[in-house]
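First up is the structure itself, then whatever we jot down about it.
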Amino acid sequence: MVADNIRVRYAPSPTGLPHIGNIRTALFNWLFARHYGGKFIVRIEDTDRERLVPGAVEGILEGLEWLGIDWDEGPRVGGDYGSYYQSERLPLYREAADKLIGQGDAYRCYCTRERLDQLRVEQGRNKQALGYDRCCRSLTPEQQRALESEGAPSVVRFAMPDSGVTQLHDLIRDDVEWQNELVDDFILIKSDGFPTYHLAVVTDDHLMQISHVLRAEEWLPSAPRHLQLYRALGYTPPQHGHLPMILGPDRAKLSKRHGATSIMEYRDEGYLPDALRNFMVLLGWSLDDKTEVMPLTTMREGFTLERVGKPAAIFDREKLSWMNGVYIRAMDAGALADAMLPYLERDLPPELLPVDRDYLLRIVPLVQERLKLLAESAEMTAYFFAAQPEYDPANLVQRGATQEETLAALNRAAESLATADFTAPVMEELLRADGEALGLTPRRFFGTLRWAVTGRNVSPPLFETMEVLGRERVAPRLQTAIDRLSQVRSGD
RNA sequence: GGCGCAUUCGUCUAGCGGCCCAGGACACCGCCCUCUCAAGGCGGAGAUCAGGGGUUCGAAUCCCCUAUGCGCUACCA
């Protein structure tokens with residue numbers, strides 16, 4: 001492929017925040033451009049006045065940036081083919097539509113929505129193909145003048161050829177063809193003067209010299225329309241590649257019911273952008289027969305359409321979480337501490353803030369291989385920050401042990417630790433000896449201590465945890481445990 | 001209903017005529033490691049390659065039919 005001619009685009013409509021499927025399309029386009037040294041363009045398709053969501057454009061751009069997807073032309077950066085907002089390109093679409101009307105390839109349609117609705121109902125009842133019946137195509141000039149003078153609102157429709165076939169050589173799906181007579185006369189310009197997607201996308205892709213259109217498979221049915229538009233307008237169509245869709249676990253198109261819907265919710269839950277990107281690239285593409293976790297450079301070097309698959313992929317959160325854990329484990333302590341900080345600030349009780357970064361740096365090695373989501377940070381480390389973790393004293397008494405034994409164990413440990421060097425190896429040696437002297441298995445003895453020190457039944461290794469906590473935190477917690485357990489009536 | 005696309009372990013996938021009685025990964029199960037939980041190591045189970053016809057010496061791979069799933073069928077993209 002000729003590198004410097006490659007121009008691809010991501011063309012979101014600002015009707016909400018991008019979801020996984022959406023952004024995966026952006027990713028593929030971006031990787032394709034970067035692989036061949038081409039240009040990646042972002043174009044905002046804001047032609048639907050009613051569904052416009054304020055702030056959506058910012059959200060979309062923020063999502064791209066978060067994932068490390070940069071663009072060569074588009075909002076914020078500009079470019080030679082602007083504007084990159086379709087709402088600012090209206091005259092261009094009007095011009096194209098006028099040209100088509102002049103050539104007889106498009107016509108004004110005065111049908112009311114009521115008539116259209118009724119038409120659909122009838123077609124449905126008669127089990128006919130749904131679609132516009134081309135009623136206004138045969139309007140005489142007189143009839144049209146009459147309607148215009150009445151001030152009847154109108155749209156512009158494309159006059160599809162009523163015979164022949166339209167063929168597409170799709171880069172991913174090979175040859176697909178449609179009978180022209182089965183494609184209805186779709187709308188080019190809406191009655192509010194704005195173009196529909198079809199007209200705008202064809203006009204802009206041509207004007208912006210887009211070489212490859214890579215979009216989701218849901219667009220495949222509109223390909224014959226676009227191809228006919230290119231033909232009628234005298235443009236050379238770009239190459240097309242329809243990417244596999246991404247489905248939810250129920251095999252349906254991704255939606256809110258499937259949990260996190262926008263890319264930003266994944267950030268909030270603590271997924272790393274690198275992990276999410278790595279996971280997404282695997283939905284419909286593979287590097288080879290085994291590589292799954294790979295750096296960005298590898299993705300970029302290996303990304304070709306030849307390795308993009310055809311079947312739709314089901315989005316599996318379990319695997320995403322696993323991969324997030326892989327990325328977390330690969331981080332160095334400083335990077336992970338910095339990554340955790342915002343989540344701790346968000347989720348820790350306010351009185352425990354601010355978090356001391358140096359202290360956090362010492363905690364990180366203990367939780368790193370246990371973290372799957374950054375949003376678990378606070379829950380997983382809270383006892384490092386709290387003065388005294390809360391728990392039910394009954395938990396101190398391990399299964400099969402008595403209250404007396406437990407109290408004796410706690411006292412003995414407190415005593416040993418009172419003068420001990422507070423390092424993990426030293427404490428381990430001391431406490432193991434204590435355990436033996438007390439006749440307690442490590443599991444029981446350390447289980448009790450774990451509750452006393454962390455207020456939980458699971459934690460990172462006890463001695464390392466105590467070392468990080470330090471004597472000033474551990475000693476009072478042991479004393480608290482002793483006090484509380486003494487107050488519990490034996491046999492309760 | 002019409003049109004289109006798709007169909008390999010539960011899921012993501014490798015496979016582009018013989019290397020495949022189908023490989024990797026997630027999840028699952030067992031064992032090891034072990035103070036708990038993870039992580040890690042080892043092993044296991046899991047796909048008659050949707051079904052049926054062809055083509056071929058030979059098919060998961062090519063062709064046809066059927067079934068199923070999904071998408072589109074808006075003055076939304």
Side-chain angles (χ1 to χ4, degrees), chain A residues 11-15 45-48 50-51 109 111-113 116-117 120 123-131 153-157 170 172-173 176-179 182-184 186-198 200-201 215-224 242 244-245 247 249 251-253 279 282-293 306-307 309-323 325-326 329 366-372 380 428 431-432 435 441-451 454 456-463:
Chain A
S13 71
T15 52
E45 310 224 320
D46 54 352
T47 55
D48 185 346
E50 284 162 29
R51 296 203 309 153
C109 168
C111 292
T112 61
R113 287 175 206 255
L116 262 19
D117 288 343
R120 265 189 291 274
Q123 287 169 331
R125 197 183 302 133
N126 300 333
K127 301 197 183 244
Q128 289 173 284
L130 268 31
S154 65
V155 299
V156 176
R157 281 183 189 272
D170 192 271
I172 292 163
R173 271 147 234 285
V176 187
E177 58 177 54
W178 295 265
Q179 295 290 325
L182 297 175
V183 180
D184 76 343
F186 56 99
I187 292 173
L188 259 16
I189 303 270
K190 298 179 260 189
S191 56
D192 64 0
F194 277 73
T196 56
Y197 170 79
H198 306 298
V201 83
R215 64 199 350 168
E217 194 200 327
E218 59 191 296
W219 293 109
L220 194 53
S222 58
H242 287 90
M245 307 245 306
L247 276 19
R251 306 198 131 271
K253 221 170 152 178
F279 176 75
L282 261 14
L283 260 23
W285 174 83
S286 62
L287 177 70
D288 54 32
D289 58 341
K290 46 196 54 154
T291 313
E292 301 209 305
V293 177
E306 205 175 36
R307 296 203 63 81
K310 293 187 230 258
I314 292 172
F315 177 77
D316 178 18
R317 248 169 190 285
E318 295 259 29
K319 190 159 183 175
L320 203 211
S321 295
W322 162 77
M323 190 168 281
V326 170
R329 273 171 252 137
L366 299 182
V367 298
Q368 184 155 22
E369 65 192 26
R370 295 169 173 77
L371 262 186
K372 272 207 162 60
M380 196 170 279
E428 175 158 12
L431 293 173
R432 278 194 188 280
T441 59
R443 189 185 180 92
R444 275 195 200 155
F445 188 30
F446 301 154
T448 294
L449 295 180
R450 170 169 286 109
W451 270 106
T454 69
R456 332 187 21 158
N457 61 341
V458 304
S459 82
L462 224 210
F463 312 109

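Per chain, numbering begins at 1; letters A, B, ... match sequence-line order. Fair warning: this is a prediction, and the values are worked out from it, not measured in the lab.
When heavy atoms are screened at a 4.0 angstrom cut-off, L130(A) is found touching base atoms of the nucleic acid. Nucleic acid contact class of S222(A) (heavy atoms, under 4.0 Å, all strands): none. In this structure, S191(A) reaches the bases: a heavy-atom distance under 4.0 Å links it to at least one base atom across the strands shown. Among the heavy atoms of the strands, none lies under 4.0 Å from P153(A). Nucleic acid contact class of R51(A) (heavy atoms, under 4.0 Å, all strands): base. Among the heavy atoms of the strands lying under 4.0 Å from P461(A) is at least one base atom, whether or not backbone atoms are also near. G435(A) comes within 4.0 angstrom of nothing in the nucleic acid, heavy atoms only. Among the heavy atoms of the strands lying under 4.0 Å from K290(A) are primed sugar atoms or P, OP1, OP2 only; no base atom is included. Residue contacts for E318(A): at a heavy-atom cut-off of 4.0 Å it reaches the sugar-phosphate backbone alone, with no base atom in range. At the heavy-atom level, V176(A) lies under 4.0 Å from the strands shown only through sugar-phosphate atoms. Across all strands, L462(A) comes closer than 4.0 Å to base atoms (heavy-atom distances).
Taking atom P on both nucleotides, A47(B) is separated from A59(B) by 22 Å, rounded to a whole Å. Nucleotides G18(B) and U61(B) place their P atoms 12 Å apart, quoted to the nearest Å. On the P atoms, U13(B) is 33 Å away from C31(B), given to the nearest whole Å. One P atom belongs to C19(B), the other to C62(B), and the distance between them is 16 Å to the nearest Å. For the C1' atoms, the distance from G71(B) to A77(B) is 14 Å, rounded to whole Å. The separation of G4(B) from C9(B), taken at their P atoms, amounts to 26 Å, rounded to a whole angstrom. Going from the C1' atom of C32(B) to that of A67(B) covers 47 Å, rounded to whole Å. Taking atom P on both nucleotides, G15(B) is separated from C5(B) by 22 Å, rounded to a whole Å.
OP1 or OP2 of A74(B) has not a single side-chain nitrogen or oxygen of K190(A) nearer than 4.0 Å. Taking only side-chain nitrogens and oxygens, R444(A) never comes nearer than 4.0 Å to OP1 or OP2 of U36(B). Phosphate proximity of C72(B) to K253(A): present, with a side-chain N or O under 4.0 Å from OP1 or OP2. Considering only side-chain N and O atoms, R307(A) lies under 4.0 angstrom from the phosphate OP1 or OP2 of G15(B). Between R432(A) and C35(B) there is a side-chain N or O to OP1 or OP2 distance below 4.0 Å.
Rounded to whole angstrom, the span from the CH2 atom of W219(A) across to the P atom of C70(B) amounts to 20 Å. Atom pair R443(A):CZ and U34(B):C1' shows a separation of 10 Å (rounding to whole Å applied). In this structure, R456(A) atom CZ and C35(B) atom P are separated by 20 Å, rounded to whole Å. Whole-Å rounding puts the F279(A) CZ to C26(B) C1' distance at 9 Å. In this entry the distance linking CZ of R173(A) with P of C70(B) reads 16 Å, nearest Å. When rounded to the nearest whole Å, the span between CZ of R370(A) and P of C35(B) equals 13 Å. Taking atom CG on L320(A) and atom P on U11(B), their separation rounds to 18 Å, with Å as the unit. Atom CG in D289(A) sits about 10 Å away from atom P in G24(B), given to the nearest Å.
Checking A77(B), C16(B), G24(B) against the side-chain heavy atoms of K319(A) singles out G24(B) as nearest. Among the nucleotides A14(B), C75(B), U36(B), the one closest to any side-chain atom of S286(A) is A14(B). The nucleotide whose nearest atom lies closest to any side-chain atom of K372(A) is, among C3(B), C76(B), A39(B), A39(B). If you check A6(B), U36(B), A77(B) against the side chain of K310(A), the one that comes closest is A6(B). Closest approach to the E45(A) side chain among A39(B), A77(B), C70(B) is made by A77(B) (side chain taken as heavy atoms from C-beta onward). Looking at the side chain of P311(A), the nearest of the listed nucleotides C75(B), C5(B), U7(B) is U7(B).
Checking U55(B) for Watson-Crick or G-U wobble geometry (two distances, each under 3.5 Å) identifies no partner in any strand. G40(B): Watson-Crick or G-U partner is C32(B), with both key distances under 3.5 Å. C72(B) and G2(B) make up a base pair, with Watson-Crick or G-U wobble contacts both under 3.5 Å. In this structure, G46(B) makes no Watson-Crick or G-U wobble pair, since no nucleotide meets both defining distances under 3.5 angstrom. Nucleotide C20(B) forms no Watson-Crick or G-U wobble pair with any nucleotide shown, as no partner meets the under 3.5 Å limit on both distances. Base pairing of A60(B) is not made with any nucleotide, judged by Watson-Crick or G-U wobble geometry with both donor-acceptor distances under 3.5 Å. Using the Watson-Crick or G-U wobble rule with both distances under 3.5 Å, C9(B) pairs with nothing in any strand shown.
Position along RNA chain B of the nearest nucleotide to S459(A) versus L116(A) favours S459(A) as the more 5'-ward residue. If you find the closest nucleotide of RNA chain B to G309(A) and to D192(A), the one lying nearer the 5' end belongs to G309(A).
Between the T15(A) side chain and the R51(A) main chain, no donor and acceptor come within less than 3.5 Å of each other. In this structure, the side chain of R307(A) does not engage the main chain of W285(A) through any donor-acceptor pair within 3.5 Å.
No donor-acceptor contact under 3.5 Å links the side chain of R251(A) to the base of C70(B). E292(A) contributes a side-chain N or O that forms a donor-acceptor pair with the base of G24(B) under 3.5 Å.
To the nearest 0.5 Å, atom OG1 of residue T454(A) and atom CG of residue L449(A) are 10.0 Å apart. For the atom pair OH (Y197(A)) and OG (S222(A)), the distance works out to 5.5 Å, reported to the nearest 0.5 Å. The structure places CD1 of I187(A) at 15.5 Å from CZ of F194(A), a figure rounded to the nearest 0.5 Å. For the atom pair CZ (F446(A)) and CZ (R432(A)), the distance works out to 4.5 Å, reported to the nearest 0.5 Å. Separating the NZ atom in K372(A) from the CZ atom in R370(A) is a distance of 11.5 Å, to the nearest 0.5 Å.
Checked for salt-bridge contact, E292(A) and K319(A) meet the test: a charged N lies under 4.0 Å from a carboxylate O.
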**Study point:** Test log, rule side-chain contact (heavy atoms from CB on, under 4.5 Å), inputs K190(A) and T196(A)
**Key:** CA-CA 7 Å; K190(A) 298 179 260 189; T196(A) 56; 3.8 Å; yes
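In terms of heavy atoms, R329(A) sits closest to Q368(A) at O-NE2, 3.5 Å.
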